[in-house]
Amino acid sequence: MEQFAKPGDFCPNEACPEYEKLQSKQGKPNIIKAGKTRKGVQRYQCQTCGKYFVETTGTIFYRKRTPEDEILETLALLAEGSRISSLTRVKGYKEDTILGWLREAARHTEKLEEVLMKDYQIKRGQLDGLWAYVGNKGEKKLPGNT
Ligand SMILES: [Zn+2]
């Protein structure tokens, strides 16, 4: 099984000793809920490093070197009709890299669609076009997969 952590499961701060350590594997959780943002997004705080982060931080592209914003923006551009070949030129990423993100994104369509629609103003039809790249129609959760 691939690793896909839920928000609040780990600290997304690379400088933190608890970085990417899953809560479930620790005796004493270091992540606590810390209110909500103005938009109503759940906020968390790492007790170890004191950093605050929100639900969307580091949830999809867990363990990627490229910042999640950058990946999301690239995917958003793709959804808006940019070609992968031109994105490799503009952004400087390899085609394989972008396709890799897309494949990973396609496994978490629900979460990703929410972020892309809310933060990047991507429309439903554009998302379908995006998933079509990797042969995923954006189905909801598979049965038996919680
Ligand atoms: Zn931390």
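Predicted, not measured: the structure shown is a model, and the values here were computed from it. Sequence positions, counted from 1, serve as the residue numbers for this chain. Atoms within each ligand, like the ligands themselves, are counted from 1 in listed order.
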Heavy-atom side-chain contact between L112 and L72 under 4.5 Å: yes
Protein-derived N, O or S atoms lying under 2.8 Å from the Zn ion (ligand 1), waters excluded: 4
Test item: K33 and Q45 side chains (from C-beta on) under 4.5 Å apart, heavy atoms: no
Whether over 12 other heavy atoms sit under 6.0 Å from K91 NZ: yes
Min side-chain heavy-atom separation P17-T48 under 4.5 Å: yes
Side-chain heavy atoms of K123 within contact of M117, under 4.5 Å: no
Pairs satisfying ring-ring contact (aromatic ring centres under 6.0 Å, His included), at least one member in residues 69-100, at least two apart: Y93-W101
